[in-house]
Amino acid sequence: MNKFCYINTFSIGCHHEMINTCLLEMCCNITDSIDYYGCKSSIDTVLSGTEVGSCKLKRHELWLPQKANKIATAFRYIIGALYNIYILLRIPSKSTLFFSFNNVIFLNILSFLQRKKKHTVFICCHGELELLLPQKGGIGFFAAFLRMNAKLFFLKKNRYLDSKLNFIVLGDVILENLKILLPEQLHDRFFSVDHPYHFEDVRYTKGAERDFYNIGTVGVMSRSKGGDDLSYIAQHVDIDKYHLSVIGSVESEYLKPFADLGIKMHHSYIPRTQFESEVRELDFILFLYPIDSYKMIASGAVFDAIRLKKPIIAIKNDYFTYLFRKYGPFGYLVDSKEDIVGVIEMIPLLNTDFSDSFNILRGSLSPQRLISEFQQKVDKCFC
């Protein structure tokens, strides 16, 4: 293989830490040396958790705005696109470039330069594919700009891409949903690999023996993530028998309603150690995302449940259903908030031991297990 470059000109610090770490580790197993281009804070984070083996890594540190606000994020897109153009022009022709972040404002230029330089390019897709779906509600100027670029590139009817330009999505069901939208001539430019994840050893444990059950959501709780549904559930279950909580931040509009309903929550940021400790005390993790969510993106939140071996109760979506069908159930999927109430009330009679499914999931989604499939699909792109 010619020169191999692993490129992420968007992430800072811990942003996309797990997927960046796992993808780099998988790349280290298919080549002898890698030139790694990225922000110093991101490179440091990724390399601290990556097993590179005998692969030789050369760092190329790039400056990026380190703040996480909207303005800094917009600048990272723009600066990242300029870095990507520079890298494409600078490295020798017929090199292999692996972009672990898909910067949609760069794709048209990438496609043109890639053909001229005869590079083989792989781009890992994430949430930007959701820009291809029908818009829900109003969005800001820059988000609209990203959506326009994504649609112009991927949905143009007469779009043709070089056979050496390849896109990776993180799950077969995402690829199936994407092909419904894409022009047919682009279908073979995409392939899927399940989302890899590093799982530390965790003993499967139920919550402590007690006369109530702990059920909670993890991460930010907002209207789009089921705030109204959580209020409904709290009104329709025995809150003394089924303790509901939000482990993470809560949008201000729900602070008083949740308090009045007896939902336990935090009013400020909690450290990661406290977050982990509270999640370990849960009997079930509750996911209330809309039924049409996760069509184009893997759920990072569900990996917290798998990592800590906590069964879930969730409204069905494509990605959760895919994981259940492929690897076995690790909780309960239902159609509505009313069904969630029914499942919660039946918990004393339900099977809550999903240790076999968790063991299968954790073994199947490790980078080491996925490397063989990943290499086969990458190798096909060089034929």
Between the side chains of [X] and [Y], does any donor sit under 3.5 Å from an acceptor?
X: Glu278; Y: His266; result: yes
X: Asn102; Y: Glu128; result: yes
X: Ser111; Y: Arg115; result: yes
X: Asn149; Y: Tyr77; result: no
X: Asn177; Y: Tyr319; result: no

To the nearest 0.5 Å, what is the distance between [atom1] ([X]) and [atom2] ([Y])?
X: Ile233; Y: Leu261; atom1: CD1; atom2: CG; value: 11.5 Å
X: Phe284; Y: Ile312; atom1: CZ; atom2: CD1; value: 10.0 Å
X: Asn29; Y: Gln368; atom1: CG; atom2: CD; value: 8.0 Å
X: Phe320; Y: Tyr294; atom1: CZ; atom2: OH; value: 6.0 Å
X: His126; Y: Ile168; atom1: NE2; atom2: CD1; value: 9.5 Å
X: Phe191; Y: Lys380; atom1: CZ; atom2: NZ; value: 10.0 Å

Work out which heavy atom in [X] is nearest to a heavy atom in [Y]; give both atom names and the distance.
X: Asp188; Y: Gln185; answer: OD1-O, 3.6 Å
X: Ser245; Y: Ile263; answer: CA-CG2, 4.1 Å
X: Pro290; Y: Asn317; answer: O-CB, 4.3 Å
X: Tyr327; Y: Ser364; answer: CE2-CB, 3.4 Å
X: Phe4; Y: Cys27; answer: CZ-SG, 3.7 Å
X: Asp172; Y: Asp194; answer: N-OD1, 4.3 Å

Discussion item. Please enumerate all residues that pass salt bridge (Lys or Arg N to Asp or Glu O under 4.0 Å) together with Asp162, with sequence neighbours excluded.
Written reply: none

Discussion item. Quick check on Lys156: does its NZ atom have over 12 non-hydrogen neighbours (other residues, nucleotides or ligands) under 6.0 Å away?
Written reply: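 Atom NZ in Lys156 is not crowded, with 12 or fewer foreign heavy atoms closer than 6.0 Å.
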
Worksheet item: Got a sec: does the CD of Glu184 have more than 12 other heavy atoms crowding it under 6.0 Å?
Response: no

Worksheet item: Angle class for the Phe141/Phe145 ring planes (parallel below 30°, perpendicular above 60°, tilted otherwise)?
Response: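 Aromatic pair Phe141/Phe145 classed parallel.
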
Worksheet item: Between Phe101 and His15, what is the ring plane arrangement, given parallel below 30°, perpendicular above 60°, and tilted in between?
Response: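 The rings of Phe101 and His15 stand perpendicular, inter-plane angle above 60°.
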
Is the shortest heavy-atom distance from the side chain of [X] to the side chain of [Y] under 4.5 Å?
X: Leu131; Y: Met296; result: no
X: Leu288; Y: Lys337; result: no
X: Val302; Y: Phe330; result: yes
X: Ile174; Y: Tyr322; result: no
X: Met26; Y: Val193; result: yes
X: Trp63; Y: Ile79; result: yes
X: Phe167; Y: Leu107; result: yes
X: Val246; Y: Tyr254; result: no

Look at the side-chain heavy atoms of Ile, Leu, Val, Met, Phe, Trp and Tyr, link any pair under 4.5 Å apart, and say whether [X] and [Y] land in one connected group.
X: Tyr232; Y: Met346; value: yes
X: Phe153; Y: Tyr160; value: no
X: Ile109; Y: Leu89; value: yes
X: Ile239; Y: Leu255; value: yes
X: Val279; Y: Val220; value: no

Charged tip of [X] within 45° of [Y] ring normal and under 6.0 Å:
X: Arg159; Y: Phe154; result: no
X: Lys309; Y: Phe358; result: no
X: Arg76; Y: Phe10; result: yes

Is there a donor-acceptor pair closer than 3.5 Å between any side-chain N or O of [X] and the backbone N or O of [Y]?
X: His119; Y: Ser95; value: yes
X: Glu61; Y: Ser41; value: no
X: Lys377; Y: Ser192; value: yes
X: Arg307; Y: Glu200; value: no
X: Asp353; Y: Ser355; value: yes
X: Ser366; Y: Gly363; value: yes
X: Arg59; Y: Tyr37; value: no
X: Lys3; Y: Ile91; value: no
X: Arg280; Y: Lys310; value: no
X: Asn166; Y: Lys164; value: yes

Practice prompt. Answer yes when Lys295 and Glu130 have at least one side-chain N-carboxylate O distance shorter than 4.0 Å, and no when they do not.
Written response: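 Here Lys295 does not pair with Glu130 in a salt bridge, since their nearest N and O are not under 4.0 Å apart.
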
Worksheet item: Any salt bridge between Arg223 and Asp228, counting N to O under 4.0 Å?
Response: yes

Practice prompt. Kindly determine whether Lys56 and Asp32 satisfy side-chain contact (heavy atoms from CB on, under 4.5 Å), including the steps that lead there.
Written response: CA-CA 6 Å; Lys56 296 178 182 178; Asp32 296 327; over 6 Å; no

Discussion item. Ring centroids only, cut at 6.0 angstrom: are Phe75 and Phe142 within range, meaning strictly under it?
Written reply: no

